[in-house]
Q: 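Below you'll find the structure I mean.
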Number of protein chains: 2
Amino acid sequence: MTQPDLAVSTVIFALRGTSSENMVLSLPLVRRIRSPFEGTWALPGGPLGDEEDLAQAAGRNLRDTTGLEPRYLEQLYAFGQPDRSPDNRVVSIVYWALVGGDEFAATFDDENVQWFDADDLPTLAFDHALIVEYALWRLRNKLEYSRLAHGFLEPTFTLAQLRKVYEAVLKRRLDPGNFRRTVEASGQVVPTGERLAGTNHRPPQLYRFNTAQGLIDPDPLTIRTALTHPGVAS
Amino acid sequence: MTQPDLAVSTVIFALRGTSSENMVLSLPLVRRIRSPFEGTWALPGGPLGDEEDLAQAAGRNLRDTTGLEPRYLEQLYAFGQPDRSPDNRVVSIVYWALVGGDEFAATFDDENVQWFDADDLPTLAFDHALIVEYALWRLRNKLEYSRLAHGFLEPTFTLAQLRKVYEAVLKRRLDPGNFRRTVEASGQVVPTGERLAGTNHRPPQLYRFNTAQGLIDPDPLTIRTALTHPGVAS
DNA sequence: CAGACTTCGTGTCATCCTGACTTTTACCCC
DNA sequence: GGGGTAAAAGTCAGGATGACACGAAGTCTG
């Protein structure tokens, strides 16, 4: 039996939009510059380094190819169908990541790296369309039951901002009152005591994520290095 | 960068016990016959064949090393810490499987394959203790919200048998009446019309799994659209 | 065959959770 | 000071869940 090639790829999510209104879930793709699928859009990825674990490899490949810094990183699935690459056999261990909405500028100014709306993707290389579909399902599912919009927001935020993140990802309107009730009851979020100024109405309370409370459905290994809060993040 | 070795291993679960009473969650382990960790118990596993996909490799390795036939098989996680093996670097793609409680006889009559209680495991090779712990967490978690005891039972079964499976896995007593109500309402199970004879009391209705209804949280390769799940808050 | 015994299966009720909706509060702007 | 706006709190009905009671349908025993 010949040893297959091993690759580590990542589906990166961010919210693009005009300042917390009309936000769209988006992801960066890279154009392949070699055969097979030369010229086709694909997920960022690369090989596994000798001294890296899988999550480190995912983060490094992500940074190297897009210039982005992940705020949340989690393993998605290992894909290994024999025919998923026409040439060598490749087993891809795929991660998914969240980056902040302000990170678009950080993306390499390169025509070979572009952002696409999650609902309007181009034709993708290999089985990457299936992978993205599954990552989207996982993101929405996790947001539903973990009650945490990991990594999309700044260190402090209002509940309205948090709600709009949920609405953009889930593509569904949420009742502000009920949202407040469930999120506050969950304990995932704590008020900072400060208020957001500069609005033309009653200034809302600012909140931050409750770092004391662990995540639901954790990875078996602690990937919490990338999870430390956006403000303190490496 | 040198290509790491790729292995496919499986955590196999079954319920052992005196005929649906006093059941214990158990798993078979194999004794390693070569270095490293020679003589230590480990998860069954092996290499990936040239023409196999990952799930096929997991099933084949499982059969080859234990003689068991899985009734349910799902990918668990890919483990790739650089130091998880003292010699070559090994990336393990781990599956978890369920086999029926009548399969113990099928296990190879080999002192190098033995069943252990999930609560009373020996020292395991590599990081397999961590892997088993995570697989246990996943099994219990999945049983909680999918309300489906995949693969532990015969094709037809009574609701009391199904409930005892849940009780053994979750290590918690469940109310028979409430269990009946929720399971019947879920539509995961349908009555066959026949009854179980040979009891010393009122003969219970037999049921079978509703194959028409898909699984929750499917693998990406069997993903179905139109999955509905409960919302955060509306 | 009568009655005890066992588990199956159904029913009831209080409580909690959720979604839909209303009301009050606090600020900005003119 | 009044109107506009969104924050924040409150109200209410319906559905799901847990605790528990009770009748139903068999076997077993004297």
Side-chain angles (χ1 to χ4, degrees), chain A residues 18-23 141 143-148 153 156-168 170-208 216, chain B residues 18-23 143-148 153 156-168 170-208 216 228-234:
Chain A
T18 59
S19 67
S20 88
E21 268 301 331
N22 202 12
M23 293 191 296
N141 201 262
L143 231 63
E144 294 257 23
Y145 76 81
S146 74
R147 318 235 153 186
L148 179 57
L153 290 171
T156 67
F157 50 87
T158 69
L159 288 190
Q161 290 170 339
L162 184 64
R163 178 172 47 84
K164 286 188 201 311
V165 167
Y166 276 93
E167 290 178 343
L170 302 177
K171 292 203 285 189
R172 195 174 73 223
R173 290 303 209 79
L174 303 176
D175 180 87
N178 296 338
F179 183 80
R180 167 180 302 274
R181 182 178 58 192
T182 55
V183 167
E184 282 182 338
S186 75
Q188 298 274 15
V189 106
V190 287
T192 64
E194 297 181 352
R195 292 177 170 278
L196 180 66
T199 63
N200 64 336
H201 54 80
R202 176 176 179 178
Q205 176 65 244
L206 283 172
Y207 290 80
R208 58 179 170 76
I216 307 173
Chain B
T18 59
S19 67
S20 87
E21 268 302 333
N22 201 12
M23 293 191 295
L143 232 62
E144 293 258 23
Y145 76 83
S146 77
R147 297 258 156 204
L148 181 58
L153 291 170
T156 66
F157 49 87
T158 68
L159 288 190
Q161 290 170 338
L162 184 64
R163 177 172 49 82
K164 287 189 199 313
V165 168
Y166 276 94
E167 290 179 344
L170 302 177
K171 293 203 281 191
R172 195 174 73 222
R173 289 311 203 89
L174 303 176
D175 180 89
N178 296 337
F179 183 79
R180 168 180 303 275
R181 182 178 57 192
T182 55
V183 167
E184 283 183 337
S186 74
Q188 297 274 13
V189 106
V190 287
T192 64
E194 297 181 352
R195 293 176 169 279
L196 180 66
T199 62
N200 64 336
H201 54 79
R202 177 177 179 176
Q205 177 65 244
L206 284 171
Y207 290 80
R208 58 179 170 76
I216 306 175
T228 53
H229 13 58
V232 177
S234 116

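Letters A, B, ... mirror the listed sequences (proteins, then strands); counts begin at 1. This structure is a prediction, so every number in the text was calculated from the model and none was measured.
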Q: May I have the distance from B/Leu174 (atom CG) to C/dC8 (atom P), rounded to whole angstrom?
A: 14 Å
Q: Quick check: does any side chain N or O of A/Gln188 sit under 3.5 Å from a backbone N or O of A/Val183, one acting as donor and the other as acceptor?
A: no
Q: Would you kindly check whether a donor in the side chain of B/Arg202 faces an acceptor in the base of C/dC8, or vice versa, at under 3.5 angstrom?
A: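 Under the 3.5 Å cut-off, the side chain and the base do form a donor-acceptor pair.
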Q: Describe the nucleic acid contact of A/Thr158 in one word from base, sugar-phosphate, nothing, applying a heavy-atom distance below 4.0 Å.
A: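 The answer is nothing, as A/Thr158 stays clear of every strand by at least 4.0 Å.
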Q: Could you please name the option among C/dT7, C/dT18, C/dT10 that lies closest to any side-chain atom of B/His201?
A: C/dT7
Q: Specify the residue among B/Arg163 and B/Asp175 whose closest nucleotide of DNA chain C lies further upstream toward the 5′ end.
A: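 Per heavy-atom nearest nucleotide, the more 5' residue is B/Arg163.
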Q: Counting side-chain heavy atoms from C-beta on, which of C/dT7, D/dT5, D/dA19 comes nearest to B/Asn178?
A: D/dA19
Q: Let me confirm one number: the OG1-CG distance from B/Thr158 to B/Leu196, rounded to the nearest 0.5 Å.
A: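 It is 6.5 Å, given to the nearest 0.5 Å.
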Q: Look at B/Arg195 and C/dG9 and indicate whether a side-chain polar atom (N or O) is within less than 4.0 Å of OP1 or OP2.
A: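 Checking B/Arg195 against C/dG9: at least one side-chain N or O falls below 4.0 Å of OP1 or OP2.
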Q: For a quick test of reading the model, state the closest non-hydrogen atom pair linking A/Leu174 to A/Phe179 and the distance between them.
A: CD1-CD1, 4.0 Å
Q: Rounded to whole angstrom units, what separation is found between the CD atom of B/Glu184 and the C1' atom of C/dC8?
A: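 The distance from CD of B/Glu184 to C1' of C/dC8 comes to 11 Å, rounded to the nearest Å.
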Q: Could you state the CG-C1' distance from B/Leu196 to D/dT27, rounded to the nearest angstrom?
A: 14 Å
Q: Among D/dA7, C/dC28, C/dC13, which nucleotide sits nearest the side chain of A/Asn200?
A: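 Among D/dA7, C/dC28, C/dC13, the one nearest the side chain of A/Asn200 is C/dC28.
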Q: Atom CZ of B/Arg180 to atom P of D/dA24: distance rounded to whole Å?
A: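 Whole-Å distance recorded here is 16 Å.
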Q: I'd like to know whether B/Met23 forms a side-chain contact (heavy atoms from CB on, under 4.5 Å) with B/Gln161, so could you lay out the CA-CA distance, the side-chain angles of the two residues, the decisive distance to 0.1 Å, and finally the verdict.
A: CA-CA 11 Å; B/Met23 293 191 295; B/Gln161 290 170 338; over 6 Å; no
Q: Quick one: B/Phe157 CZ to C/dC8 C1', roughly how many Å, whole number?
A: 16 Å
Q: Is the shortest heavy-atom distance from the side chain of B/Gln205 to the side chain of B/Thr192 under 4.5 Å?
A: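 Yes, their side chains come closer than 4.5 Å.
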Q: Tell me: CD of A/Gln205 to P of D/dA6, nearest whole Å?
A: 19 Å
Q: Does A/Arg181 contact D/dG10 through a side-chain donor or acceptor facing the base, at a distance under 3.5 Å?
A: no
Q: Would you mind classifying the nucleic acid contact of A/Ala160 as base, sugar-phosphate or nothing, using non-hydrogen atoms under 4.0 angstrom?
A: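 Contact class for A/Ala160: sugar-phosphate only.
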Q: How many whole angstroms separate atom CG of B/Leu162 from atom P of C/dC8?
A: 12 Å
Q: Rounded to whole Å, how long is the line connecting atom CZ of B/Phe179 with atom P of D/dA16?
A: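 Atom-to-atom, B/Phe179 to D/dA16, this comes out as 18 Å.
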